[in-house]
> 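Could you have a look at this structure, given as structure tokens, before my questions?
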Amino acid sequence: MSASSYARIYAVVRRIPKGRVATYGQIAELAGLPRQARQVGYALAALGDARVPWHRVINARGEISLRSRSGPEQLQRLLLEREGVAFDAKGRVALARHLWQPRGGRR
DNA sequence: AACATGACCATTA
DNA sequence: GTAATGGCCATGT
């Protein structure tokens with residue numbers, strides 16, 4: 001069941017520094033799964049309770065992705081603000097300011 | 001096996 | 001700025 005892919009995804013998410021955010025597509029690429037952003041979201045959804053900073057992963061628009069059913073979206077924003085990530089009036093994060101930018105493509 | 005759904009993304013108009 | 005389209009692929013019915 002391709003659990004190793006999930007493991008790679010979690011490993012990358014764990015590397016996101018505090019106060020930074022990353023996009024699903026970015027995580028997918030860093031995890032060696034280009035164009036599989038969707039799987040990243042799926043992996044995080046199946047995460048449940050684990051020591052992974054899932055709240056630092058947002059979509060390419062800089063917004064917090066809405067779950068099918070009301071989920072911890074509010075909590076996610078709270079956790080990010082608590083780390084110093086700012087949201088604008090439209091509820092978007094300034095990616096130019098908070099996006100995680102690993103150097104040399106790896107870190 | 002077919003079909004639908006989902007914490008997505010890039011391109012094009 | 002919005003809207004439509006195609007791609008990607010694990011899961012459940």
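For the numbers below, each heavy atom of this structure counts, side chains included, while hydrogens, waters and symmetry mates do not. Naming: A, B, ... by sequence-line order, numbering from 1 per chain.
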> Mind checking the P distance from dG7(C) to dA7(B)? Whole angstroms is fine.
22 Å
> Below 3.5 Å between N/O atoms, which protein atoms pair up with nucleotides 1-5 of chain C? Just atom names and distances, please.
none

> Sorted by first residue and then second, give each side-chain hydrogen bond (donor to acceptor under 3.5 Å, both in side chains) pair with at least one member in residues 78-87 of chain A; sequence neighbours left out.
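Applying side-chain hydrogen bond (donor to acceptor under 3.5 Å, both in side chains) to every pair that reaches into residues 78-87 of chain A, excluding sequence neighbours, yields His55(A)-Glu83(A), Arg56(A)-Glu83(A), Arg77(A)-Glu81(A).
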> So do the side chains of Tyr10(A) and Ile27(A) get within less than 4.5 Å of each other, counting heavy atoms only?
no
> What is the per-nucleotide protein-contact pattern of nucleotides 6-13 of chain B, from the 5' end, where B denotes a base atom under 4.0 Å from a protein heavy atom, S denotes such proximity for sugar-phosphate atoms only, and - denotes neither?
BBBSS---
> Distance from Gln101(A) atom CD to Gln26(A) atom CD, nearest 0.5 Å?
8.0 Å
> Does CZ belonging to Arg61(A) count more than 12 external heavy atoms closer than 6.0 Å?
no
> Are Ile58(A) and Leu99(A) connected in a single hydrophobic cluster, I mean Ile/Leu/Val/Met/Phe/Trp/Tyr linked by side-chain heavy atoms less than 4.5 Å apart?
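Linked within one cluster.
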> Which pairs with one or both residues in residues 31-43 of chain A pass side-chain hydrogen bond (donor to acceptor under 3.5 Å, both in side chains), sequence neighbours excluded?
none
> Could you work out the complete set of other residues in the hydrophobic cluster of Leu66(A), with links drawn between I, L, V, M, F, W and Y side chains under 4.5 Å apart?
none
> Just jot down the side-chain hydrogen bond (donor to acceptor under 3.5 Å, both in side chains) partners of Ser65(A), sequence neighbours excluded, or say none.
Asn59(A)
